[in-house]
Each structure stands twice: as C-alpha cells, then as structure tokens.
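Computation of the quantities below employed the complete heavy-atom set of this structure, encompassing side-chain atoms and omitting hydrogens, waters and symmetry-equivalent molecules. Fair warning: this is a prediction, and the values are worked out from it, not measured in the lab. Whatever order the structure lists ligands and atoms in, that order sets their numbers, starting from 1.
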Amino acid sequence: MDEGGAILRVAIGADHGGLALKQAVVDRIELLGHSVLDFGAGRLDVEDDYPDYAVRVSRAVNAGVADRGVLLCGSGVGMVLAANRIPGVRACLCHDIYSASQGVSDDGMNVLCLGGRVIGPALAAELVEVFLATRFRDEPRFTRRLDKLRALEDRPDAGA
Ligand code: RB5
C-alpha cells in the first residue's frame, strides 16, 4: 500500500536490457499488496525495442488503467525518452532513493525507469517500494509547476 493506504495498479514493461530485473520488481510490487499489469517482455528477445514497452505502459497510465508505471531497459534512458512522449506521463530515471521519493512528492512522477545494466535487483526493488509508497504533495507550489508542465504538453511554445 502507499502512504495513504491505497492499493495501486502498477503497469510494468521491460526490454531485453531490463528483463533480468523485472521479476524482482514484480515480486516486490505484489509483496506490497499492489496489483501488477504486465506488458512484457515475457521472454528474452535480444531484438526487441524499448519504445514498444514504453508505449504500452505509458498508455495504460495515461488512460487511467494503471496508477503508476515501471519501465526497465539497459540504462533506463531509452524508456524515459519514449515514455515522456505520451501525454500525461512524467517518467524519470531514478537510481537513488531520494529521487525516487522526491520525484513523486514534488514533481508528480508517475513512471519510474530503471537500468538493468546499471543496478541490481535488491536496489531496484527498494526504489520501486519508495516510488509506490510516496504520494504527490498537493501544495500550491507543486501543483503550479505541474500545471506548467501540462501547459507545455499542450503548447510546446508556452511559458517563459
Ligand atoms: C538495448 O540494447 C538498450 O539499448 C536498451 O535496453 C536501453 O538501454 C536503452 O536506453
């Protein structure tokens, strides 16, 4: 459960670079009592492409089918690039606990990206736990910044 006691629907996707981390992440999500929506990969395919998984997970978040998303590739970078092209998605690469929490509380991060060639399963599971436990802090300064991000989504030339 998250800090408010809610059970979350968590969409997950991994390409061949992130697949080795996926089961540890799924296990932790389920251990915490949340539900997993698995968008693959179901098996190793060294020719698969990270945008395909990023799009499936991100669309689930955008559509409200999932509350949060977790994306895994080799570095985590490709998943960030692809996921942030889907409206409503705020995807970040966080390999430290502070960012995994603060990214949600202050910035409204709703998709966590991790690099399977950079970190191991224990840290990945901890990062996901913190990510899911944290809620956005509904304070004027944070909602104002989120509104500015949303405005940029609608009109890339908006803002200062
Ligand atoms: C795949 O080989 C690798 O490029 C991908 O998993 C990811 O690291 C991209 O950012």
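Under a 4.5 Å side-chain heavy-atom criterion applied to ILVMFWY residues, the cluster that includes Y50 comprises L37, F39, Y53, V55, V57, V61, V65, L71, M79, I86, V89, V111 as well.
When G78, A82, G18, G115 are checked for heavy-atom proximity to atom 10 (O) of ligand 1, G78 turns out nearest.
Taking a cut-off of under 4.0 Å to the non-hydrogen atoms of Y50, the atoms of ligand 1 that pass are 9 (C). Atoms of ligand 1 found under 4.0 Å from any heavy atom of D15, numbered from 1 in the order shown, are 1 (C), 5 (C), 6 (O). In summary, the atoms of ligand 1 found under 4.0 Å from a heavy atom of R117, numbered by their order in the structure, are 1 (C), 2 (O), 3 (C).
Polar contact check, H16 against ligand 1: a nitrogen or oxygen pair lies under 3.5 Å apart. In terms of N/O distances under 3.5 Å, ligand 1 is not approached by G76.
The closest side-chain heavy-atom distance from V130 to V128 is not below 4.5 Å. The shortest distance between side-chain heavy atoms of E30 and L32 does not fall below 4.5 Å.
There is no path of hydrophobic side-chain contacts, each under 4.5 Å, that joins L72 to V77. If you chain together hydrophobic residues whose side chains sit under 4.5 Å apart, M109 and L123 fall into the same group.
Not a single heavy atom of M79 sits under 4.0 Å from any atom of ligand 1.
Atoms SG and CZ, from C94 and F131 in turn, are 8.5 Å apart once rounded to the nearest 0.5 Å.
In the displayed structure, R28 atom CZ is contacted under 6.0 Å by more than 12 heavy atoms of other residues, nucleotides or ligands.
In this structure, atom 4 (O) of ligand 1 is not in close contact with the protein, since no protein heavy atom lies within 4.0 Å of it.
The closest protein non-hydrogen atom to atom 8 (O) of ligand 1 is S75 N, 2.9 Å.
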